[in-house]
Amino acid sequence: MRQVAILGAGMIPFGRRDEDSLVDMLSYASLAAIDDAGVGDRPIDAVYVGNMAAGLFNHQSSVASALVDRINLLPAAADSVENGPASGGSALKNGILAVASGYYDLVLVAAGEKMRDVIGPVATDVVATMTHPLAEYIYGATLPSMAAMFARLYMEKYGVTPKHLAQVAIKNQENGLLNPYAHIHMKITLEGILTSPHSVVNNPIVADPLRLYDCCPVSDGAAACLLCPADMVANVAADADKPRVVVAGFGQATDTHTLQERQDPTDLKAVTLAAQQAFERAKLTPQDIDVAELHDAFTILEIAESEHAGFFDKGEGAKALEEGQTRIGGKLPINPSGGLKARGHPVGATGVAQVVELVWQLRGDAGERQVKGAEKGFSINFGGFGNNVVAFVLRRES
Amino acid sequence: MSELVAFKCQKCGHVMYPKHQRCLNCRGREFAALPVSGECTLLTFSEVRNLPWGIDERARILGVVEFAEGFRAMGWVQAAEAEVGMKLEAAQEPVRTIRGEQVRGLVLRPVS
C-alpha cells in the first residue's frame with residue numbers, strides 16, 4: 001500500500017446558501033482543493049462524491065457525473081458515495097484506498113449536501129429515513145430523538161449533566177466565532193441557554209432532555225480534498241515546500257441498525273472499533289493526538305465519542321470538558337472549527353469538512369483558531385445513530 | 001397477547017426484533033415466530049417536540065422498552081408522563097400514515 005498525501009483542501013462557508021445548487025457548492029469546494037494543491041490543469045484520475053440524499057433534498061441523482069462535467073474533469077472515473085451522515089468519510093476512505101492501492105494517482109474527493117431546499121420538518125424527515133423503516137421510522141423517530149434516548153441513558157450512567165451539554169455548545173460556538181467557514185457565528189452563555197428564566201424560551205426542548213442548542217443546525221455546504229501518493233507530491237504540486245499532510249490511518253466499523261438491539265445501548269462500539277483501527281494503522285495512540293474533530297451533531301456525542309475513541313476513560317469526558325482540556329489551548333482541543341454544532345452539518349459534507357479542518361490545523365493555516373504546533377489530528381464521522389462510523393488519523397510530515 | 005411477533009433463533013435461542021436473515025448472536029438462519037405477551041418495561045424515552053413532516057401532532061413520547069421475552073423495541077408511549085422503569089403494555093395500532101397508507105406499530109400504555 002502506498003502512503004497517501006492530502007495535497008489540497010478546499011471548502012466553502014457553510015450556512016444557508018439559497019443562491020447555490022448542490023453541484024455549484026461541490027464545484028466551488030473542488031476547485032478550491034485543486035487550486036490549493038497547485039496541480040493546475042493536470043488530469044485527475046478519479047472522483048468520489050460524498051452525498052447522503054440529493055434525491056430527496058434536491059430531486060437530483062448521479063451527482064458525481066454532474067460534478068465532473070461542471071468542472072471538466074472528464075473523462076475521470078466518478079462515483080457517488082452514500083453512507084448517511086458518514087457519506088463524506090466514506091467517500092474519502094474510498095479515495096484513499098484508490099490511491100493507496102496504486103490504481104489511481106490523482107483523486108478528488110468532494111462532499112456536500114444542500115438541505116435548505118426543503119422546510120425544516122421535511123429535512124427532519126429526510127434525515128430520519130436512515131432509521132430502521134419498520135422498527136424506528138414509523139413512530140416518527142428523528143435523529144434528535146435517537147440522540148435524546150441515548151443521552152438519557154448516558155447521562156444517568158455516567159453523571160453527565162445538562163450543564164455539561166451546555167458547555168459543549170458554548171465551547172463550540174465560541175470556536176465557531178473564529179471560523180469564517182462556520183454557519184453559526186453567535187456567542188452563547190450558560191445563563192442564556194440554561195440557568196436564567198429566559199433560557200426555556202431561548203433554548204426550547206427539541207427532544208427531551210435535548211434542547212435546541214444541543215443540536216447542530218441544518219446547513220448547506222461542501223468540502224473537498226485532493227489526494228495523491230506521498231512520494232509524488234514533489235512531481236505534481238507547484239509548491240512542494242508546503243507542509244505535507246498524510247493519511248496515517250483510517251478505520252471504519254458498523255453496529256446494529258437500531259440502537260435498542262445493542263447489548264449496551266450506551267456503548268458506541270463502532271466508534272471504539274473505527275478509532276482503534278485508525279490508530280493501529282497509524283501506529284499511534286490517542287495520547288499522540290494534538291487536535292480532534294468529533295461528530296457533535298448533538299452535544300452528548302462529543303462527550304461520548306471523546307471517551308469511546310480512547311481520549312478519556314468512560315465517564316471522564318465531561319470532566320475533561322469542564323476542566324477546559326478540550327478548549328483551544330487545552331490538552332486536547334476538540335472541534336476548534338466549531339464542530340457540527342457551529343460549522344454546521346450538511347450531512348454528506350461533514351466527514352470531508354472535518355478532514356479539511358485538520359489539514360489546515362496541521363499545516364498551521366487555521367488562523368485565529370489554530371491549535372499551536374499541531375502535528376497529528378483525528379476525526380470521527382458518525383453515520384446513522386452510530387451504526388456506521390469512519391475515523392481518520394492525519395499526520396504532518398516533518 | 002399483542003399482535004407483535006418476535007423471532008427466535010432455532011440454533012441459539014436469541015430473540016430478535018425486528019427480523020434479520022441471520023442471527024445477530026450466532027449467524028443462524030432458522031427462526032421461529034414468537035408471539036409476544038405485550039408486557040414490557042420502559043428503558044429510555046424522549047418527548048419529541050420537533051416531529052417530522054407527516055406527523056401532525058405537537059409532541060409525541062417515543063420510548064425503548066424491554067419485553068418479558070428478552071428483547072427490546074421502540075414504540076409510541078401514550079402516557080401522561082413517562083418514567084424510566086415504568087411497566088407498560090404493548091398493542092399494535094396505527095402509528096403513522098406513510099404515502100397515504102396507515103402503518104401499524106407498537107403503542108405502549110401504562111398497565112391498567
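Below, read A as the first sequence line, B as the second, and so on, with proteins coming before strands; counting in each chain starts at 1.
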Heavy-atom contact with chain A under 4.5 Å, split by part of B:Phe71: neither
Side chains of A:Gln276 and A:Val271 in contact at under 4.5 Å (non-hydrogen atoms): no
B:Gln21 and B:Phe31, any side-chain heavy atoms less than 4.5 Å apart: no
Ionic contact status for A:Lys157 with A:Asp264, cut-off 4.0 Å: yes
Note: A:Lys114-A:Asp117 ion pair, threshold 4.0 Å (strictly below): yes
Cation over ring face, B:Arg96 and A:Tyr137, 6.0 Å, 45°: yes
Validation row: A:His198, A:Glu191 side chains within 4.5 angstrom (heavy atoms): no
Part of A:Ala141 lying under 4.5 Å from any heavy atom of chain B: both
Proximity of residues 295-303 of chain A to chain B, residues having a non-hydrogen atom under 4.5 angstrom: none
Heavy-atom contact with chain A under 4.5 Å, split by part of B:Val48: both
Proximity breakdown for A:Leu210 and chain B, heavy-atom pairs closer than 4.5 Å: neither
Candidate pair A:Glu113 and A:Asn51, rule side chain to side chain donor-acceptor pair (under 3.5 Å), full reasoning: CA-CA 6 Å; A:Glu113 203 81 51; A:Asn51 172 262; 3.1 Å; yes
Residue of the set A:Lys269, A:Gln263, A:Glu261, A:Arg262 for which side-chain hydrogen bond (donor to acceptor under 3.5 Å, both in side chains) holds with A:Thr256: A:Arg262
Interchain contact, A:Ile138 with chain B, by part (heavy-atom threshold 4.5 Å): both
Residue among B:Ile55, B:Val64, B:Leu62 with most heavy-atom pairs under 4.5 Å to chain A: B:Leu62
Top of B:Met16, B:His20, B:Lys19, B:Arg104 for chain A proximity - count of heavy-atom pairs under 4.5 angstrom: B:His20
A:His308/A:Thr272 under side chain to side chain donor-acceptor pair (under 3.5 Å): CA gap, chis, key distance, verdict: CA-CA 5 Å; A:His308 285 81; A:Thr272 305; 4.9 Å; no
Salt-bridge present (A:Glu316, A:Lys314; N to O < 4.0 Å): no
Pair A:Phe150 + A:Phe385: ring centers closer than 6.0 Å: yes
Under 4.5 Å from any heavy atom of chain A - which part of B:Val84: side chain
Top of A:Val127, A:Ile205, A:Thr142, A:Val118 for chain B proximity - count of heavy-atom pairs under 4.5 angstrom: A:Ile205
Chain B contact via A:His257 - which portion, at a heavy-atom distance below 4.5 Å: neither
Region of B:Ile98 in contact with chain A, defined by heavy-atom distances below 4.5 Å: side chain
Partner chain A: residue of B:Ala59, B:Pro52, B:Gly54, B:Gly75 with the largest heavy-atom pair count (under 4.5 Å): B:Pro52
Heavy-atom contact with chain B under 4.5 Å, split by part of A:Ala128: neither
Under 4.5 Å from a heavy atom of chain A, the part of B:Ile61 involved: neither
Sub-4.5 Å side-chain heavy-atom contact between B:Glu57 and B:Leu51: yes
Plane angle bin for A:Tyr154 and A:Tyr158 - parallel if under 30°, tilted between 30 and 60°, otherwise perpendicular: tilted
Greatest number of heavy atom pairs closer than 4.5 Å to chain B - which of A:Thr258, A:Asp125, A:Asp208: A:Asp208
